[in-house]
Structure formats: structure tokens, C-alpha cells
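Letters A, B, ... mirror the listed sequences (proteins, then strands); counts begin at 1.
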Amino acid sequence: MHLIRRIICLTALSLAAVTTSLHAAPLKVGYSDWPGYTAFEIAVQKGWFKDAGVDVEFDWFDYGPSIDAFSAGKIDADCIVASDALGAGAAGSPSKFIAILDYSEGSDMIVGKPGIASIKDLKGQKVAVEFGLVEHFLLLEGLKRAGLSQSDVTLVNTPTNNMPQTLASGQVAAVGAWYPISGQALQSPGSKRLFTSADAKGLIYDVLAVNPASLAAHHAEWSKIAAIYYKCVAYLADPATRDDAIKIMAAKVQQKPEDYAKNLPGTHFHTLAEAKANYKGDAGKAMNLHDSLVLSDKFSLENAVYKVSQKPDDYVSGAITLALP
Amino acid sequence: MGLRDWLGLRHELPHRRRLVLVFLSFAIPLILWSVVSYVPWIWHPLVHVTETGGVDYFSTGMDVDRAVFAQEIANMAKAGLKAPAGYRVNPLYFQPPHAVARAFYTAFTTPPRLPTEPWLHQSLGHSIRTIFWGFAISSIFGLPLGILCGTYRFFAKLQEPFIEFFRYLPAPAFGALCVAILGIDDAPKVAIIFIGTFFQQVLVIGNTVRKVDPSLIEAAQTLGARGLRLLTRVVIPASIGDIYTDMRILLGWAWTYLIVAEVVGTMSGITYFINQQARYRHFDNVYAAIAMIGVIGLGCDMAFAWFGTVLFPWKRRARKTVSRVKKFPARSPSPAAVPPPADAALSPPFGAENSET
């Protein structure tokens, strides 16, 4: 019985330890494997948050679970696709986009099998996408530009991880996938990029979405965190430090730096100046964040991702970025 | 040495032969794996392109279907262009034994790429801790409850129908709920392992306790034992050896939930390694990591099996006599829906009982 008592004590202690660790309160930010998010790792490794006096903890997730944790209020902010943040908001976890991280510029793509030369050839064919996610959205944009609509193709709901095999099986005419899965799909012989996020710049945005309560309580800290993100982007852009930046980011996802560098052009990182302009509605040749959210809200309603329209103005919050020096 | 000697029903095999069989049980799958990996005309459905020839969409280092490759050779011949060259390979996700063995070694010797990341052995330690707590907490509740259910009809009827229902609910599906309640660190992972283990544990242990020889209980009652005394002096001692083996099997069960548990909340442990390697298609590392889990699991189980023979010395003697003498199953089949673990699964995996012969 002694042993049992000891085990019970240990369990109670460990549970207590777990709960106290929740109460000691650094800000928590979730991030995952996408270049625009992994850029934060530069600041983590360089100790920039400590230097700025911000008590923040970066938690590495799989992308899906990071949204779960954010929706459950267990992390204060998440690096997230803007349209997914609207989805989380519709489900009761609204957020404020205090920093624009990047938009996808080629990393998301629709890949066709041999014999499919353009989006037009998809008419009457089967296309595999994961319903409700950004590739589905991208496909519809591609179809629209080719003068087609969703009803002209048969959609097959497939997990994005399985896209390379799905395309290789020849059972569908095209698949939609993001980096790094899209690259694998392209290795299938004769396969071809039909439409990518580089053809629809600014359709797929990534943002730092912050819990509104935390933002209100820790405004100064969030402002510093946003500033540090743009500092990371500057560090990545500067030819003198670019190699070091890539080395850190590649190491985080256990890739070789030279392989990782090849895929970086698919992500359009936002410098502070670009982010400021974007918040004011000017994204250069790309669609700005606000307009992109209007489109994605329409898409989400039409495809029953959620049922109540989400207003972009409730989410896009430029005050912090615009106030940065 | 006749076939009969090897296949004698319920005969103990001599020590030597048992060792041979143990060796073969690992050697046969390994040989099959090697044959498929190294004999170039078996399977190898792809061609690794070494020279692109005149095919515009080929690139060196690309793997293409054999049929496509053959077609292109024919096409090039027709067009009067240079034929592509290449050799047959298996798909990337089917790695040969030597690559996995090498990955197994290098995974431990490679320092983490960032100073804040854990070494592999630290990740493994993290996983083992997660399993330990999940299983320990499950056992703290499951063990007493199982014993009560196995002893008293009252508890069995009160608990088991619901538990029977709940054990079908997939533990991973509770991931988001666990995060919402327990946060993002280790607690939700432990909870997933708990959910995956606990309900099976109550039923399996209840079942084992129910198989205690009724005549033992009757005899004890005749001698005046009742209530708690009956439980602690008769029922538990009579079933403790079998409960121990049940626990070993259940621990293995807990391991199978590790991979789904560790993606709940922040990524951690060996799953972080496996997922990250799979995402960038380093399948040699993936299989090495899977093999590590197997080695740890089997190692633990063998250690517990050995420890069992120390704790319950009467068990091995008893079983040995029974298996030689009895002609009919001594125990009646169990009434509950969970079949008792097969006798084969209950005995220590190998080696542990050999000392007697």
C-alpha cells in the first residue's frame, strides 16, 4: 500500500506542476511549419524577445492543432492563414490581425496530371482538394479566371498529405496542395503547375492573429512582438545575414539550408513598409488583405465552412503595425 | 528429428530449439525485407533517371514508373533522339534495411540543429515520461475499479456497460477537448493515453479477476473470510499474477496511442521527429524512429516479464505443471464481451522461462 500512496502523491505533485506552469504567464504564440511562421524562429534563437524585455513563449505545433489550441484559448496568438482565422472566429474565437506575415506567392498550387495543359482542360474532370481549405479556394479562383465554375468540375475531398499519391494514381486530373507537399506532387512525371498562388498574389495571406483580450491587456508587448517579426523579415532579406536566417529556419524544420532556400520565393514575406501599405489598402500588384478576406468570407459561406458572415474590419487591426517606427 | 517433435501440441520445446525459433522470428521478416530491397528484379516499380536523353520533362534524379520509362524509350527511338537511362528502384517510402540501420545510429549521434531543440534521446525520454504518466494515472483508477468489477456483481453492472460503450470512442478524437481543458503542454497528451488505456484496463482486469477459481472463494468463505478480507487475502492474491501480465499487455497498448497523443498541443517527443522527417520524406529516419519505439517497448516488456518471474515464482511452476497435465481447459470461458488475452500472449515473450529446463 506504501507504493500506491507514493504513486498517488507523485501524480498529485505532477498535476500540480502542470497547473502551476499554466498560471506562470508568459504570452504564448503558436507557430508551425510554413516559412512565414518559421521566420519567428530567428528571433527565438537570437534572443530578441528577451532583449526587448518581452516575456513570450513560442510553441511549435502541427498547423491544425495550433488552431485548436488558439480556439480553446490556450495560446494567446497563432500564426495562421487569414481565412482560417475567420473560420475560428465564426466558431467563437475572434482575433485581431496585428501583423501581416506574408502572402503565398507560388507555394500553393494546383498540379495537373500529364495531358492537362491548363485550368480550362479541367472541365468535366475530377479534381482533388481538401474541402474548405485554401487550395479549394485557390482552385475556385483559378476556375473563375478560366471562365469556369465549381460546377464544371467534380471535386474529390482528399487529405492534403495524400495529394502526391492521388495525382500519381491517375484517378484525378489535378490536385491542390501547398509547400512542401506541392513539390512532391510535381515530381510525378509529366505533371504540371496549372495555377499557383503566384498567379493570384494576395489571395492567401498569413497573419499573426491575437486573442482580443490578450491584446487589450498586453498592448505594449504585442507591439514589440510585431516589431520583432518585421525585424526577422529584414534579417532574412539582408544579403549579409540571409544565409544565417535561412540556416536557422531550415534547422527548425530539419531541412538542408540549400533545399529550404529553393522554396522561399514561394512566400512573399512582408517588410514593415509593405505591411503598413497593405493595412492602408495598397499591396502593390497583389490583392490587399482586406479584399482577400472579403473574397474568402464569400467562399466560406458558399461552401458551408461557416454560416455567419465574418466582417474583415472586425479582424484586420493595423493600429499596432502602423504605429511602429 | 521428425516434424512431430517440432510441432508437438502443447509440448515444451527444448531450450536450443526455442532459441532457434526466436532467432527465426526476427530473421524471417528481416530476410523478406532485404530480398525486396536488394534483389533488383523483385518489385522495384520505379526507374531512377540517371540520363534524361531526349525526354523533355525528365530530370536526373527523378523516379518514374517503369511503364512510363519504357514508353519514353520507345518514343525516343521513334523520334531518333537519345534514349534516357536509369536503374530500377523502390519507392522512396520503402527504405532498405541498411539505410534504416544507418539512420538509427546517426539519429542519436546528430546534435540538434538548434540549441533550443532536444537531442533525440531527450525526445525519447519525453515520450517515455508521457507514456509513464498516462499509464500510471490510468492504473491508479483502473486497477482498483477492475478488481472491484471482477469481484462484485454490483460494481460490474454499475460500471461495465458504460465502459463497454466508452472504449469504442476513439481517443484521438478527444484531442481538442483535452487541449481546451488541460492546456497545450504534456497534460493533454497524458490524457489521450489515459483515455486510450483506462477503459480497456478496467474490462481486462475485471475479466481476469472474475476467473479466480470459485472453489477458492467458497473455501475461504467457509472458513469465515468475508468483505475486504476476502478481497485482499483471497481474490487479489489468486489473480495478482495474471493481473501483472495483463498490465504488461496494457502497457503495450498505451504505447500505440503515443503518436496520436503527441500531436495534441505542442509537438513533442519522438512524434515531432517522425512527423518532421516524414513531411520532408526522410523515410529512413521515420522507420528508424518507429523501430526505436519497438525496441523500447519490447525491452520494457522483457524486463517486466523477467521481473514477473521474480515477483510471482509460483506462477511459472504452476503453469508448467498445468500445461503438461491438464486435458481440458480448467477455466470456464469468460462471460463478458472482452475475450481474455490468449495464453500465448500471457507467457513471457521468450527466454524468461528458460532457466527452469
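For the set B:V179, B:N285, B:V64, B:L114, the count of heavy-atom pairs under 4.5 angstrom toward chain A peaks at B:L114. The choice from A:I181, A:D62, A:D68 that makes the most heavy-atom pairs within less than 4.5 Å of chain B is A:D62.
In this structure, chain B has a heavy atom under 4.5 Å from the side chain of A:Q45, while its backbone stays farther away. With a 4.5 angstrom heavy-atom cutoff, B:D56 does not touch chain A via any of its atoms. Of the two parts of B:E72, neither the backbone nor the side chain holds a non-hydrogen atom closer than 4.5 Å to a non-hydrogen atom of chain A. Proximity to chain B involves both the backbone and the side chain of A:I248, based on heavy atoms less than 4.5 angstrom apart. Neither the backbone nor the side chain of A:Y31 comes within less than 4.5 Å of any heavy atom in chain B. Neither the backbone nor the side chain of A:K247 comes within contact range of chain B; no heavy atom of the residue lies under 4.5 Å from a heavy atom of that chain.
In this structure, B:Y93 places its OH atom where only 12 or fewer heavy-atom neighbours from other residues, nucleotides or ligands lie under 6.0 Å away. No more than 12 heavy atoms of other residues, nucleotides or ligands lie within 6.0 Å of CZ in B:F304, so this atom counts as exposed by the packing criterion. Annotation for B:R113: atom CZ counts as buried by contact number, over 12 foreign heavy atoms lying within 6.0 Å. Other residues, nucleotides and ligands contribute only 12 or fewer heavy atoms inside 6.0 Å of the CZ atom of B:F307.
Under the 4.0 Å criterion applied to side-chain N and carboxylate O atoms, A:D244 and A:K46 are assigned as salt-bridge partners.
Side chains of B:I195 and B:C178 form a contact here, defined as non-hydrogen atoms less than 4.5 Å apart.
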